[in-house]
Amino acid sequence: EEQGASIRVTDELAAAGARCLKFVDRAGLSRIWQPHMYYQPNYRRGVARVSFQVRLAAGAVFWHEWRDNANPYRIGPSIRFIAGGGLQANGQDIGTVPADQWLQVQITCGLGAESTHSYDMTVTVPGREPIVLTAVPCSHQEFLILNWLGFVCLADADTVVYLDELSITNDHYRGE
């Protein structure tokens, strides 16, 4: 935490249930990638699926990325919500999304022997046709293992992002 930037559980605004995560971003942070959080699922094979709901206040920049542990790390799926409503996959513009509405994100990517070096993604915006992408090339074709799964606020502004209904699964590791 730095200068009021934080990640907290809140009951002020949830997509479902009573609570969600609230990312508070602040202008002037020495590390623009704060606040951030990540999981280390260490999935080596199978088909990984990540879904979540996200709600961005005006001016928010939010980035979700999958990485391995190579040095330098290799990136698989990577999506970014840009201030002003832009949406990018691997740095390419793919659509627009509104502020202050819950958005549903679903990403599927094969790992190890199941890898196609690409991923599928759906972003559902209330009242619109979903943004559906299939066979999006991973940022690095050598990405095969999911070691790091991150959620990062990148705005140099005082803004907020809410995250709810996060699910991380892999069909190979069911029951393990």
Side-chain angles (χ1 to χ4, degrees), residues 1-41 48-69 72-107 109 119 121-128 130-131 133 136 138-140 143 146-168:
E1 293 188 11
E2 181 183 340
Q3 300 174 338
S6 64
I7 301 172
R8 296 277 190 272
V9 174
T10 183
D11 61 1
E12 67 188 37
L13 184 68
R19 294 176 191 84
C20 69
L21 289 178
K22 180 181 182 180
F23 291 68
V24 176
D25 206 351
R26 294 286 183 233
L29 297 176
S30 63
R31 294 170 293 197
I32 196 164
W33 44 265
Q34 293 289 24
H36 79 285
M37 72 172 204
Y38 62 92
Y39 293 91
Q40 294 178 306
R49 290 176 179 81
V50 173
S51 65
F52 56 91
Q53 292 197 48
V54 63
R55 184 180 177 120
L56 302 103
V61 178
F62 195 63
W63 177 28
H64 172 65
E65 188 166 87
W66 300 20
R67 301 176 183 169
D68 67 12
N69 276 345
Y73 58 80
R74 293 173 291 227
I75 300 167
S78 180
I79 65 168
R80 193 177 296 218
F81 297 88
I82 306 296
L87 178 61
Q88 296 178 336
N90 300 349
Q92 302 297 312
D93 294 331
I94 59 168
T96 61
V97 294
D100 298 318
Q101 288 189 34
W102 284 105
L103 312 171
Q104 174 69 41
V105 177
Q106 298 175 322
I107 299 172
C109 185
Y119 62 98
M121 180 177 80
T122 301
V123 179
T124 304
V125 178
R128 289 195 203 167
I131 298 168
L133 300 174
V136 178
C138 288
S139 294
H140 291 92
F143 174 79
L146 177 55
N147 298 115
W148 188 94
L149 183 85
F151 298 89
V152 183
C153 285
L154 284 173
D156 188 11
D158 293 344
T159 188
V160 232
V161 174
Y162 296 92
L163 185 67
D164 202 359
E165 297 295 299
L166 174 60
S167 172
I168 304 167

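In this text, all values refer to a predicted model and were calculated from it rather than measured experimentally.
- Across every non-hydrogen atom of V125 and P98, the tightest pair is CG1-CD, 3.5 Å.
- For the atom pair CD1 of I168 and CG of L149, the computed distance is 4.5 Å after rounding to the nearest 0.5 Å.
- Taking every heavy atom of both residues into account, A60 and V160 meet most closely at CB-O, 3.9 Å.
- With contacts defined as side-chain heavy-atom distances shorter than 4.5 Å, the pair H64/V105 does not qualify.
- Atoms OG1 and CZ, from T159 and R26 in turn, are 9.5 Å apart once rounded to the nearest 0.5 Å.
- The shortest side-chain heavy-atom distance between D164 and R19 does not fall under the 4.5 Å cut-off.
- At distances below 3.5 Å, not a single donor-acceptor pair connects side-chain atoms of N69 with backbone N or O atoms of N147.
- Interatomic distance, CG of L154 versus CD of Q34, reported as 10.5 Å (0.5 Å rounding).
- Side chains of Q92 and V136 form no contact here, defined as non-hydrogen atoms less than 4.5 Å apart.
- Separation of atoms CE (M121) and OG (S51) is listed at 13.5 Å; rounding is to 0.5 Å.
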Show your working on side-chain contact (heavy atoms from CB on, under 4.5 Å) between C20 and W102 and close with a plain yes or no. CA-CA 12 Å; C20 69; W102 284 105; 4.3 Å; yes
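- Nearest approach of P130 to T122, heavy atoms of both residues: CB-CG2, 3.9 Å.
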What's the verdict on side-chain contact (heavy atoms from CB on, under 4.5 Å) for C138 and I75, showing C-alpha distance, side-chain angles and the deciding distance? CA-CA 7 Å; C138 288; I75 300 167; over 6 Å; no
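- In this structure, the side chains of S139 and W66 stay at 4.5 Å or more apart for every pair of heavy atoms.
- Exactly one residue among V54, L103, I82 makes a side chain to side chain contact (heavy atoms under 4.5 Å, CB included) with V97. That residue is L103.
- For A58 against A99, the heavy-atom pair with the smallest separation is N-CB, 4.1 Å.
- Taking the six-membered ring for Trp and the full ring otherwise, F151 and F52 have centroids separated by under 6.0 Å.
- A ring-ring contact (aromatic ring centres under 6.0 Å, His included) with F23 holds for exactly one of F62, W33, Y162; it is F62.
- Of the possible polar contacts, one joining the D156 side chain to the G28 backbone as a donor-acceptor pair under 3.5 Å is found.
- Inter-residue side-chain proximity for L166 and Y39 is flagged as met; some heavy-atom pair is nearer than 4.5 Å.
- When all heavy atoms are compared, the tightest approach of A27 to D158 is N-OD1, 2.9 Å.
- In this structure, W63 and H36 have side chains that are not in contact, with every pair of non-hydrogen atoms separated by 4.5 Å or more.
- Two residues are said to be in side-chain contact when any heavy atoms from C-beta on lie closer than 4.5 Å; R55 and D100 meet this criterion.
- Distance check: R8 CZ to L21 CG gives 11.0 Å after rounding to the nearest 0.5 Å.
- Between P35 and D25 the shortest side-chain heavy-atom distance falls below 4.5 Å.
- Across every non-hydrogen atom of A16 and E165, the tightest pair is CB-OE2, 3.3 Å.
- Atom CG in D93 sits 11.5 Å away from atom CZ in R80 (nearest 0.5 Å).
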Could you give me the CA-CA distance, side-chain angles and deciding distance for S167 and R49, then say whether side-chain contact (heavy atoms from CB on, under 4.5 Å) is met? CA-CA 8 Å; S167 172; R49 290 176 179 81; over 6 Å; no
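- Panel note: side chain T10, backbone E12; a donor-acceptor pair is recorded below 3.5 Å.
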